[in-house]
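Just follow the structure's listing: the first ligand is 1, and inside any ligand the first atom is 1.
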Amino acid sequence: MHRLVYMPESGNSVRLAWVLLFVAEIWFSLYWVLTLSVRWNQIHRTTFKSSLSQRYEDKLPGVDVFVCTADPTIEPPLMVINTVLSVMAYDYPPEKLTVYLSDDGCSEHTLYAVLEASRFSKHWLPFCKKLGIEPRSPAAYFSNIFDKPDNHDHLSKSKELISIKKLYDQMEHRIETATKLGRISNEIRSQYKGFAEWDSVQSPSDHQTIVQILIDGRDSEAVDCEGCPLPTLVYLSREKRPKHHHNFKAGAMNSLIRVSSNISNAPIVLNLDCDMYSNNSESVRDALCFLMDEEEGQEIAFVQYPQCFVNVPKDDIYGSSLFIGMEVEFPGMDGYGGPAYIGTGCFHRREVLCGKKYVKGDKFKWNKGFERKEGSAGKLEETSKIFAQIAVMRMVLNGEMRWD
Ligand SMILES: O=c1ccn([C@@H]2O[C@H](COP(=O)(O)OP(=O)(O)O[C@H]3O[C@H](CO)[C@@H](O)[C@H](O)[C@H]3O)[C@@H](O)[C@H]2O)c(=O)[nH]1
Ligand SMILES: [Mn+2]
């Protein structure tokens with residue numbers, strides 16, 4: 001009202017500033033109304049995972065986890081494998097879990113780190129499950145234990161803890177030595193056939209598709225040190241050519257959807273940025289409580305987890321912890337039908353990503369059974385390359401891009 005009543009006469013030099021201020025105030029008022037309205041209808045949900053187990057433990061669906069990385073310098077391989085290990089250690093039947101690492105940086109060092117992680121997982125997974133520890137990213141767990149002097153949680157676990165920490169430190173040392181060396185030594189190269197792919201890589205932005213199945217869950221020898229099966233672990237670096245745009249994470253996700261459909265084809269897909277480890281081993285079960293809900297499950301396309309940051313400065317003057325968004329506005333949006341998709345930490349139904357249209361009353365059949373693909377790992381790697389090619393070709397020809 002003040003702005004309208006005291007508007008300067010036309011011709012007055014401050015009139016333009018006055019009008020601009022008025023527009024800005026209108027915009028902020030509208031913004032205030034919009035943000036306030038998502039704050040007064042918050043929904044906080046609770047899951048009952050024991051009911052999920054009672055009803056569905058034998059029929060739990062396969063889950064494919066996509067971890068994306070793009071640059072071995074900005075996103076160090078050691079950080080990437082901590083994220084990979086955090087999801088491999090999920091409290092979920094390992095034969096139904098497949099973890100894909102998409103490496104847009106096409107780095108031998110990242111493949112080497114994942115290879116190391118596949119070996120370390122044989123000790124890390126039984127350690128996590130036996131002692132029920134959280135979080136299951138080794139770096140995050142060790143930092144909680146050793147960087148906080150008043151944390152005595154480790155005393156009861158000391159023997160196992162010391163030996164697993166030693167294995168982790170040795171792995172870290174090997175990965176860092178390889179990184180410092182700038183190349184993968186001939187000794188390591190000779191131990192794993194997959195490195196031979198780099199003989200035909202021109203550069204990280206000009207290379208063929210590389211698919212390596214590092215742990216094949218169907219293999220009876222793919223077991224941890226206590227004899228329990230391990231989840232499947234796959235490395236993918238999709239084809240890139242300088243003349244075609246690769247569409248960043250979206251392009252990687254398109255390749256991952258197609259390659260995974262050939263290897264595990266799980267009906268549930270989780271996507272994670274490589275710098276966002278999972279801090280709760282029951283996240284899959286929590287998400288399934290929504291997606292498999294008998295009444296409303298079919299109405300839910302995805303379950304989005306909030307993002308938490310561990311390295312935000314204490315005073316956080318820029319609001320980088322996204323606290324208001326995650327703690328207030330997300331539950332608020334849920335009151336109006338559900339939160340937005342914000343990328344990492346989201347469980348989708350595969351069929352939704354593949355373009356299935358919503359049909360009211362249409363029920364997904366969870367008891368279809370869990371199927372394993374036939375064929376040797378080598379054969380699956382070869383056919384998966386064709387699937388990755390299709391993703392790239394469709395993106396180039398149609399500009400197809402389903403992910404933000
Ligand atoms: O060519 C690329 C570029 C990026 N990435 C990966 O994509 C992820 C996200 O990229 P980044 O540049 O780190 O985006 P941010 O701005 O940090 O993340 C925001 O944007 C992401 C992509 O939408 C969301 O997943 C996140 O939740 C959201 O915080 C990372 O894991 C990257 O490794 C690729 O796989 N290929
Ligand atoms: Mn990021």
Side-chain angles (χ1 to χ4, degrees), residues 64-87 99-107 109-111 113-114 117 137 139-140 201 203-207 209-211 234-260 269-279 283 287 301-312 316 318-327 329-330 333 338-348 353 388 391-392 395-396 399-404:
D64 287 347
V65 185
F66 300 165
V67 180
C68 290
T69 186
D71 186 325
T73 321
I74 304 172
E75 301 166 330
L78 192 66
M79 178 189 77
V80 174
I81 61 166
N82 269 286
T83 301
V84 167
L85 287 161
S86 76
V87 290
V99 180
Y100 293 83
L101 177 72
S102 156
D103 178 17
D104 269 357
C106 190
S107 160
H109 292 281
T110 304
L111 175 65
V114 187
S137 144
V201 169
S203 78
S205 53
D206 190 4
H207 63 90
T209 297
I210 302 173
V211 181
V234 181
Y235 171 93
L236 164 72
S237 186
R238 65 187 164 125
E239 179 181 358
K240 275 194 187 169
R241 300 293 172 202
K243 60 178 188 259
H244 300 309
H245 201 285
H246 57 78
N247 287 315
F248 309 101
K249 180 181 173 185
M253 297 297 290
N254 275 336
S255 296
L256 281 160
I257 288 176
R258 287 194 165 77
V259 167
S260 63
V269 170
L270 162 67
N271 82 79
L272 278 184
D273 291 358
C274 61
D275 53 359
M276 287 270 178
Y277 66 86
S278 175
N279 66 353
S283 303
F302 63 83
V303 174
Q304 173 73 64
Y305 277 86
Q307 300 176 9
C308 307
F309 301 88
V310 287
N311 49 358
V312 177
D316 188 18
Y318 301 111
S320 315
S321 60
L322 304 181
F323 180 76
I324 298 296
M326 299 298 154
E327 303 287 327
E329 287 169 359
F330 253 49
M333 279 189 243
Y341 168 58
I342 51 162
T344 182
C346 190
F347 284 85
H348 278 95
L353 297 175
V392 174
M395 217 159 57
V396 171
E400 175 185 322
M401 201 172 77
R402 289 195 201 287
W403 294 79
D404 66 337

>> Evaluate T209 against V211 for side chain to side chain contact (heavy atoms under 4.5 Å, CB included), listing each step before the verdict.
In response: CA-CA 7 Å; T209 297; V211 181; 3.9 Å; yes

>> For F309, is the CZ atom crowded, meaning more than 12 foreign heavy atoms sit under 6.0 Å from it?
In response: yes

>> Strictly below 4.0 Å, N to O, side chains only: are D273 and K249 in salt-bridge contact?
In response: yes

Evaluating non-hydrogen atoms only, which member of [options] is closest to [atom]?
| atom | options | answer |
| --- | --- | --- |
| atom 21 (C) of ligand 1 | D273, T344, L322 | D273 |
| atom 34 (C) of ligand 1 | D104, L272, N247, D275 | D104 |
| atom 28 (C) of ligand 1 | T83, I342, T69 | I342 |

> What do the steps show when you test N279 against Y305 for side-chain hydrogen bond (donor to acceptor under 3.5 Å, both in side chains), and what is the final call?
Replying inline: CA-CA 11 Å; N279 66 353; Y305 277 86; over 6 Å; no

> Is the closest side-chain donor-acceptor distance between Y341 and N271 under 3.5 Å?
Replying inline: yes

> Under 4.0 Å from any heavy atom of H246, which atoms of ligand 1 are there?
Replying inline: 1 (O)

>> For D316, give me all partners under salt bridge (charged side-chain N to carboxylate O under 4.0 Å, His left out), at least two apart in sequence or on another chain.
In response: none

> Who pairs with A301 by side-chain contact (heavy atoms from CB on, under 4.5 Å), at least two apart in sequence or on another chain?
Replying inline: V352

Mind checking whether [X] has an N or O less than 3.5 Å away from an N or O of ligand 1?
| X | result |
| --- | --- |
| R238 | no |
| Q307 | yes |
| G343 | no |

> For C274, is the nearest heavy atom under 4.0 Å from an atom of ligand 1?
Replying inline: yes

> Quick one: does ligand 1 sit under 4.0 Å from the side chain of E75, the backbone, both or neither, non-hydrogen atoms only?
Replying inline: side chain

